[in-house]
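To keep things clear, I will list the structure first and then write my remarks on it.
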Amino acid sequence: MEKRKIAISWYLVTFAVAFSSMIYQFSIAYAMSVVFGDIVTNYILNAGIFILFLGFGSLFYDFKKNKGLLFFFRMELYLSLAGLVACLFPFFLDLIPGFILAKKVFCLCFSAMVAFLSGMELPWLMDLGSSKINTIGIDYLGMVVAGLCYPFLFLPYLGVIPTSLFTVCLNSLVVICLSLLLKKHRKIIIFFIPQIVMTFFYSRIDKYLQEIFLR
Amino acid sequence: MKIKIYGISFLSSFCSFAFFTIFTKKMAQLTGQHVYTQTVLSSFYIFFLALSSFYVEKNKKRSIHSLPYVEFFMSIYFLLIPLVFSLFEYYYNLSNSIGEYDWFYFSFFIILPLGLLTGLELPLLFRKLEKHDGRVLFYSYLGSFLSSVLLITFFLNRFSLIELSLIFTLLNFILFLISTQLSNMSSKKFVSLVTVFTLTLFMIIPLSKRAVPLLHHMSFSELEGGNVFDYRNFQNRLELTKRNDSVDSYQTKYQRIDILNRRISFNFWGREEFKPQWKLYLDHRLQISQRGEKIYHQTMALYPLVFLPNVENILILGGGDLGIARELIKSSEKKTRKITLVELDRKMIDLSLNHSSLSKMHPNKERYKDIKIIYQDAFSYIKNSKSKYDLIYLDFPFPNSAELNKLYSKELYHFVGKSLTDNGAIVLDYPLLKDKALIDKIETLLGSLKKSGFKDFKVLGRGMSVMMASKNKISKASNTHLIEKYVDNIVLYNFIERTAEFKDLISKKELKYYSIFKPNLNFRISK
């Protein structure tokens, strides 16, 4: 029974990280197209960069030696921070006039960073999970649900900025739950509290960033 | 062996992702529902990938020996797609012949084999490897990345659907050859599969080459007046297309442009008459026709000038057919008007000036040299613009995708409002939709304008209607001589003010609006 419980938790973690990675990608692409215009180019450029760095992430994972639970927690911490910056920074960059190309490159660098970190998640989960192929399957399912939720639920009902904040929150909750469930590395929870607190102020942040954009 | 596995991983994701992107893009252009189509298709695709992964997991017997069959069926699938897609395009473009959501079922059955076959590839490769190798995943991701970038920057704009299908079929066939080596397939099986593939190739390619362009032409040959040639009468339609229409198609980075050149028209009674005319379609949606363009452009360009006598600095956002610019130059009299036009697609301007049919709209194009043309996204331009304009025309296709919806958002109107002089105004295409289900779209348009500070509105036009909006009170009509002098007789009937009909809507305090920060996907208007 305990074994089954752990397997289910593992699949839930796989589902949640795949889900949040996909939402990050959509959010970054959308935020960039809002700030810089040209939806088609920004979506394609972002999708391309994202997929490439997912690949680099999984490749880099092979060279990494210490791949314990703490490695995953750290990865998730960096991911939640990079995701937060990548989704919201385009709106702040809009305050600086000119330098369009530099600003785009800057945003794409963060998009690449998010993808790189996400790329390390799947091999890690495949290594530690009971079945590699089931892990891939759950990963795909997480992406499907994210792909449907983003345009039909999140964008029209939450909006682009709150969605990014909730995704960061989900990322943080995965680590907190896993740490409490496995009773390991509980101290790391402290680093995720600011991200969760931020989510409570989502409407204020949303309003503030919209004002910046319209200035 | 490892190199072969990496090669298969790279090439298989390259081909599958490329084909998925091509199909998604084509379907999105056809349906006009970009966000829905892309999302639904992506979800189908990933869902089928997942199903295949589970299938391999449950069936321990499945091994690398199944891979050549997967690649074989994938090659045949790529080969058949142009023909199947063109048939669907033909039926889809005939109004009433197909349900609004039939594209959904069609996509499901097209994506089903692609997703299932692609989903088998990676798990089968993993089964061949004894331990985890991150490079297999890396090459798979690299393949998808390169296919998405190359497809948009190189393949899509240069090759037709048949050529693309042939390229990816052959690439996939290389994949088949590598996988036969990897799985040590018997020579008997190998020869029979290669024979079947070669025979299919030589049967399908000539058939596609003839049928695909013809079906594409036929899908644009909708008739006015007489509807005797409906989709059931395929033979009649085929005959008519062969002797009548030609379609010039252009695929740009931003849109598909089709110009239908017709030699024979139909009168009110459905009888044929020899009256050549052209029609311009963007992403399969009719924009203007030779018959209607003057009504639209003269109403849009000249009606606001009746209320604003001292217009000097004019901005046209969109309007790549140059119709509004033509009317403004024609009516400029001795005044010096500075006209700036911002268009995203360079090809559209090029076609307006040089295409054999479209250029007939512009007999005096030498007068256009003073127009300042900027090739940029209208939203980015107006957001960063420091100039002030007396009159701004918003001449965009109707909103039916995220890209176009942005051009009807409260944020765009906010920036447009900031670029207006004190007495300045904006003019936009404002469809007078009678269908009750579409009234909230009109409300959304008006709501977005009001939300961004516009206070005074005028709705003009009997058939082709436009809206004029200003942050201050619009002055009374004073320049009526413009109508007498520059408006054609056939257009005159359209010069009627209809603001009174919208009084209730205009005075309503809480209206729906469209914001890019919280986009409503139901905000969609089809002409």
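Every chain is numbered from 1, with letters handed out A, B, ... down the list of sequences. Note: hydrogens, waters and symmetry copies are ignored here, and every other heavy atom, side chains too, is used. These figures come from a predicted structure and were not determined experimentally.
- The aromatic rings of B/Phe14 and B/Phe10 lie parallel to each other, their planes meeting at an angle below 30°, with 60° marking the opposite boundary.
- Neither the backbone nor the side chain of B/Tyr45 comes within contact range of chain A; no heavy atoms are under 4.5 Å apart.
- Using cut-offs of 30° and 60° on the angle between ring planes, the pair A/Phe71 and A/Tyr61 is tilted.
- Of the two parts of A/Leu158, only the backbone, made up of N, CA, C and O, holds a non-hydrogen atom closer than 4.5 Å to a non-hydrogen atom of chain B.
- Neither the backbone nor the side chain of B/Phe44 comes within less than 4.5 Å of any heavy atom of chain A.
- Counting heavy-atom pairs closer than 4.5 Å to chain B, the top-ranked of the candidates A/Phe91, A/Phe53, A/Phe50, A/Phe60 is A/Phe91.
- Heavy-atom distances place both the backbone and the side chain of A/Phe213 under 4.5 Å from chain B.
- Aromatic pair A/Tyr150/A/Phe26: ring centres closer than 6.0 Å.
- Ranking A/Val160, A/Ile161, A/Leu54 against chain B, the residue ahead of the rest is A/Leu54, based on heavy-atom pairs under 4.5 Å.
- In plain terms, the two heavy atoms of A/Ala82 and A/Met113 that are nearest each other are CB-SD, 4.2 Å.
- Of the two parts of A/Met22, only the side chain, counted from C-beta on, holds a non-hydrogen atom closer than 4.5 Å to a non-hydrogen atom of chain B.
- For B/Phe517, the parts sitting under 4.5 Å from any heavy atom of chain A are the backbone and the side chain alike.
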Given the rule in the salt bridge (Lys or Arg N to Asp or Glu O under 4.0 Å) test, do A/Asp206 and B/Lys518 qualify, once you have shown the distances and angles that lead to the verdict? CA-CA 10 Å; A/Asp206 187 21; B/Lys518 214 174 180 180; over 6 Å; no
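- The two residues B/Pro519 and B/Tyr514 have their closest heavy-atom pair at CB-OH, 3.3 Å.
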